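Computed from a predicted structure; not experimentally measured. Labels below follow one simple rule: chain letters A, B, ... track the order of the sequence lines, proteins then strands, and each chain is numbered from 1.
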There are 2 protein chains.
Amino acid sequence: MTAMLIIGHLARCCFRVAAKVSTNILFTSLHENVYVQPTLRLGGAERGKQVTATIKDVAREAKVSVASVSRALNGAGGVTPETEKRIREAAARLRYVPHGAARSLITKRTHTVGALMPDLHGEFFSELIRGIDLEARSHGLHLLVSSSHDGAEDAAAALRAMQGRVDGIVILSSPRVDAAFLEANLPDGLPAVLLNSEVKAGAAAVLNIDNFAGTYAMVRHLVGVGHDRIAFVSGPKDNFDARQREAGFRAAMAKLAPGTSLRIVSGDFGESSGYRAGLELLASKVRPQAVFAANDMMAVGCLQAFKEAGIDVPGEIALAGFDDIPIARYVTPPLSTVRVRIAELGKNAMDLLADLINRPGSSAASVHTLGCDIVVRESCGGHRGGTSATTTKKIHRPSNR
Amino acid sequence: MTAMLIIGHLARCCFRVAAKVSTNILFTSLHENVYVQPTLRLGGAERGKQVTATIKDVAREAKVSVASVSRALNGAGGVTPETEKRIREAAARLRYVPHGAARSLITKRTHTVGALMPDLHGEFFSELIRGIDLEARSHGLHLLVSSSHDGAEDAAAALRAMQGRVDGIVILSSPRVDAAFLEANLPDGLPAVLLNSEVKAGAAAVLNIDNFAGTYAMVRHLVGVGHDRIAFVSGPKDNFDARQREAGFRAAMAKLAPGTSLRIVSGDFGESSGYRAGLELLASKVRPQAVFAANDMMAVGCLQAFKEAGIDVPGEIALAGFDDIPIARYVTPPLSTVRVRIAELGKNAMDLLADLINRPGSSAASVHTLGCDIVVRESCGGHRGGTSATTTKKIHRPSNR
DNA sequence: GACGGGCATGAAAGCGTTTTCTGGAAAGGC
DNA sequence: GCCTTTCCAGAAAACGCTTTCATGCCCGTC
């Protein structure tokens, strides 16, 4: 097992100003700590303390009315090309940027969408935000993030605070942020997309990962390469994904390995619960041929337990996970798993939301599902010996029957 | 090496509505696809299509003027307890939430901060956002994220769009978003905190990771456990962190292993560049005793190269990385590395920014540095055989000399 | 040559707040 | 008992924008 020591806190007073005392000095304090008064940049319209130009300044500069400026800059027509040019130049000269708040006050559009999510570490969060942000930008929308809340009150407060600051919202469900919570706290009339949520939450669209199909396909693969006695390590009971994955497993086993008695040990998605599950499975009188963990972290825990017990993976026991976290590729042996295309999930959620915003009621109260891939690496056995390190092949696409 | 195959796209039409065709059906379409007209919830003040109560509605409901409502709800005093109670009740009854845009129009405060970052995957991004968001919330601020842009124009557009929507901004530098870029695009007067940036960018505060001290300390450790010929795998030349790390390495070697000729091979922070560097180092006539990669991904690449060549790590060659990405713990042998406390970086950035916002000019144009820990695992040799899996000890704290 | 129809432009209303200013009532001091 | 002070509450201005409406002006048409 890994033992680890941390040498350090170098620089315990880890937060210090330029002129620090250690030898490891990087920045000397060439920079004096004085406030540089921002220079005014208004062209003809100096206004004392005003630091940012308004539409009035532009109007004055271009010698037109504010109405014309608005029309010209918004391309609403009704301005001669010459006037428009004059206005655009004036605006550029003044570095005019319309005041968002003022604009949305009258427009009722903020061009911002909210993202509400539980306190989340790691890849999942970042990929999701990435997908959402990317797509939001392509829709001309900004992204107001409120992550990192655990409690329901926390989330409720965040939701309330978003009131009126966003045109719509993407919500990633968690045990605390469930259907009931949403029913109570989601302002109706606000377009919303629910991720990984139980259905039936008001007029919101719902987008889920196809946990069921993912587990099903992995079981199919495991059975296909000759494993019959497949044990499952389940996730926390209050987690929606976990429940769906378990349901998928049960359904798949019933169909693909009928007659086998089900072996399910419970975990909590944490590495150590996987470790414990691994030990428990090894101790059972009839050892499973394969272990399928409801997420990768637990699979990694299992793997650790197997390694310590000197059990060869996949020789003596096969192993599979779910999520395809980056770590999955780097453990030994590399872990077979079900890949969730998280960024795509975010993108699709954003698309759905944009739709909801632009055409109220269009896809409301609909339920969508995002499929998964299964990624076969070495841990699950039956591996058709590939050679190159990073080849990624999609070898077939199961008929959805 | 790892070969990997992807079986799947289950459900290639991966984005489909409830009533899907596959057997893996999860949601049946109990939910009809109709738009539920949001119910009005205004108390005494039905107003046709109005769906959200304004301060006027509250005033009418409580039979006072809007001014009093504002005063009462903002705790500005000047209202009798009874009136205040009446107003609060009316507001609650109407589910009144002040309109953010209107408020910030007059207040000039948006209670929102922006985060501008390059297109970033993985732990670093999520942890950073997490740190920022958490601290922002504790300051009563919201977080407007704009990540995922690569080009300078992209970032400039994002910056412009944030104009007036935020009270301040945290900017994570990247090769494209450098000092020159900021000079040109950062509106002055807008409080800003620069992360991992060259200094001297207007009136913004700068917060950096102490790359220099981190590398220095790791070299000290490597030398301490008996390695003399330490090779360095550098990062991309246009990356600030990479340059600092290399500088730290050079300085440390000059001081701690004087006379040793420096061996530095260049990489680009990518895994495969680390792999190539590993091969190159193995091929050299005098093989280094230790390899220190400027980040973990390259160290992992090196490790792969060493493994394939049948070189034992740390037996024949020691290895260290930088960042402490999650993967570092899971490779075999576990990777020694320099830990960057990313969430803390975000938190500190946010604190700095809040300070800048609340007391203009307070800590402007200052430079701060966040220290790192070094994490000793098995890959760097000289490992004092620990036993328990997850012990984390801070065994000493180097005198900063 | 008078008239109507576009069409470019300006004036002004209004979005939902906060805040200043003003009014009036109650309270207190002589 | 009158005047000053204090205190609560309302009227109204202001924030920066969009949009409607009104106003001319120019042009074509009869």
Side-chain angles (χ1 to χ4, degrees), chain A residues 42 45 47-88 90-91 94-111 161 163-165 167, chain B residues 42 45 47-88 90-91 94-112 161 163-167:
Chain A
L42 290 180
R47 275 287 206 82
K49 63 198 170 63
Q50 186 179 2
V51 70
T52 165
T54 84
I55 198 173
K56 275 188 192 165
D57 299 316
V58 179
R60 197 175 320 131
E61 178 85 3
K63 308 207 193 310
V64 292
S65 73
V66 293
S68 297
V69 176
S70 175
R71 278 189 287 253
L73 263 31
N74 292 327
V79 245
T80 12
E82 305 88 70
T83 351
E84 174 162 348
K85 179 160 176 287
R86 192 151 38 94
I87 291 174
R88 297 214 109 93
L94 263 42
R95 290 232 219 305
Y96 169 67
V97 177
H99 191 292
R103 180 178 249 164
S104 50
L105 180 56
I106 185 109
T107 325
K108 307 276 184 223
R109 285 288 293 268
T110 62
H111 292 284
Q163 262 291 35
R165 314 179 132 270
D167 293 338
Chain B
L42 290 179
R47 274 290 206 81
K49 62 198 170 60
Q50 186 178 0
V51 71
T52 165
T54 83
I55 198 174
K56 276 187 191 164
D57 299 316
V58 179
R60 198 176 318 129
E61 177 84 4
K63 307 208 192 310
V64 293
S65 73
V66 294
S68 297
V69 176
S70 176
R71 278 188 288 252
L73 263 31
N74 291 329
V79 258
T80 25
E82 305 89 70
T83 352
E84 174 161 347
K85 178 156 176 289
R86 193 150 38 95
I87 292 174
R88 296 213 110 92
L94 264 43
R95 289 232 217 307
Y96 169 68
V97 178
H99 190 292
R103 181 178 250 167
S104 50
L105 180 56
I106 186 105
T107 322
K108 307 273 183 226
R109 286 288 295 267
T110 62
H111 292 284
T112 303
Q163 263 290 36
R165 314 179 133 271
V166 299
D167 292 338

B/Arg95 vs A/Gln163, test: side chain to side chain contact (heavy atoms under 4.5 Å, CB included). Steps then yes/no. CA-CA 11 Å; B/Arg95 289 232 217 307; A/Gln163 262 291 35; over 6 Å; no

If you look at every heavy atom in B/Lys108 and B/Leu105, which pair is closest and at what distance? NZ-O, 4.0 Å

Closest heavy-atom pair and its distance - A/Glu84, A/Val79: OE1-CG2, 4.4 Å

Interatomic distance where [atom1] belongs to [X] and [atom2] belongs to [N] [whole Å]:
X: A/Lys108; N: C/dG14; atom1: NZ; atom2: P; result: 13 Å
X: B/Leu105; N: C/dG14; atom1: CG; atom2: P; result: 17 Å
X: B/Leu94; N: C/dG16; atom1: CG; atom2: C1'; result: 15 Å

Listed in order of residue number, which residues of residues 78-88 of chain A have a non-hydrogen atom at under 4.0 Å from DNA chain D? none

Kindly say whether [Y] contributes a backbone atom to a donor-acceptor pair with the side chain of [X] at under 3.5 angstrom?
X: B/Thr107; Y: B/Arg109; answer: no
X: A/Thr110; Y: A/Asp167; answer: yes
X: B/Arg86; Y: B/Ala62; answer: yes

In Å and rounded to the nearest 0.5 Å, what is the NE2 to CZ distance from A/His99 to A/Arg103? 11.5 Å

From CA spacing to verdict: side chain to side chain contact (heavy atoms under 4.5 Å, CB included), B/Leu73, B/Ile87: CA-CA 8 Å; B/Leu73 263 31; B/Ile87 292 174; 3.8 Å; yes

Please list, pair by pair, any protein nitrogen or oxygen found under 3.5 Å from a nitrogen or oxygen in nucleotides 17-27 of chain C.
| from | atom 1 | to | atom 2 | distance (Å) |
| --- | --- | --- | --- | --- |
| C/dT17 | OP1 | B/Tyr96 | OH | 3.0 |
| C/dT17 | OP1 | B/His99 | N | 3.0 |
| C/dT17 | OP2 | B/Ile55 | N | 2.6 |
| C/dT17 | OP2 | B/Tyr96 | OH | 3.4 |
| C/dT17 | O5' | B/Tyr96 | OH | 3.0 |
| C/dT18 | OP1 | B/Asn74 | ND2 | 3.0 |
| C/dT18 | OP1 | B/Arg103 | NE | 2.9 |
| C/dT18 | OP1 | B/Arg103 | NH2 | 2.9 |
| C/dT18 | OP2 | B/Ser70 | OG | 2.6 |

